[in-house]
Visitor: 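The structure follows.
Because the structure is a prediction, the values reported are computed rather than measured.
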Amino acid sequence: MAPKRIGAGGKDSSILAKIANSDIVSQGKSAACDAVYVSKKLLKSTGKAAWIAGTTLLILVVPLIIEMDREQILNEMELQQTSLLGTPPAAGMPMY
């Protein structure tokens, strides 16, 4: 005797049809679609916010860091030059 297949006809397929067409299944599908929609919107807006934050950082903060580094290098060079010449460093300049 061959094993019986579900959905091969008869009452099994009508039970599956009733389950697939039930109200709770359609509500579950609707909730899943809504969740996917909200997730896509959230991901899209998060990506936009990340792009704006990254661009702002690049435009405003990176030049500031470069300028501070240049100033530190200039101060170190002045300190080295004054120590080579033998004059004492100025009172406002930090000693390293």
Side-chain angles (χ1 to χ4, degrees):
M1 183 171 178
K4 188 175 181 182
R5 291 186 186 168
I6 296 177
K11 24 191 213 179
D12 289 335
S13 66
S14 67
I15 291 173
L16 288 176
K18 285 180 184 178
I19 291 173
N21 295 329
S22 71
D23 191 36
I24 191 80
V25 172
S26 72
Q27 286 178 355
K29 286 181 182 179
S30 175
C33 289
D34 291 344
V36 168
Y37 175 74
V38 169
S39 297
K40 283 183 180 179
K41 292 281 277 185
L42 182 64
L43 188 62
K44 194 173 189 180
S45 66
T46 303
K48 286 181 181 179
W51 184 84
I52 290 170
T55 305
T56 302
L57 181 77
L58 191 65
I59 291 173
L60 298 177
V61 176
V62 171
L64 178 66
I65 292 171
I66 291 171
E67 184 62 31
M68 289 172 59
D69 189 46
R70 282 183 184 168
E71 187 174 341
Q72 182 181 1
I73 290 172
L74 183 63
N75 285 340
E76 289 174 0
M77 285 176 38
E78 286 178 358
L79 184 63
Q80 183 181 16
Q81 186 177 19
T82 55
S83 68
L84 287 175
L85 294 175
T87 57
M93 299 185 79
M95 294 284 295
Y96 295 104

Visitor: Could you tell me the separation between the CG atom of Leu57 and the CG atom of Leu60, rounded to the nearest 0.5 Å?
Guide: 8.5 Å
Visitor: List the atom pairs, donor and acceptor, that lie under 3.5 Å between side-chain atoms in residues 61-71 and the rest of the protein, sequence neighbours left out.
Guide:
none

Visitor: Could you name each residue pair satisfying side chain to side chain donor-acceptor pair (under 3.5 Å) that touches residues 27-43, not counting sequence neighbours?
Guide: Asp23-Gln27
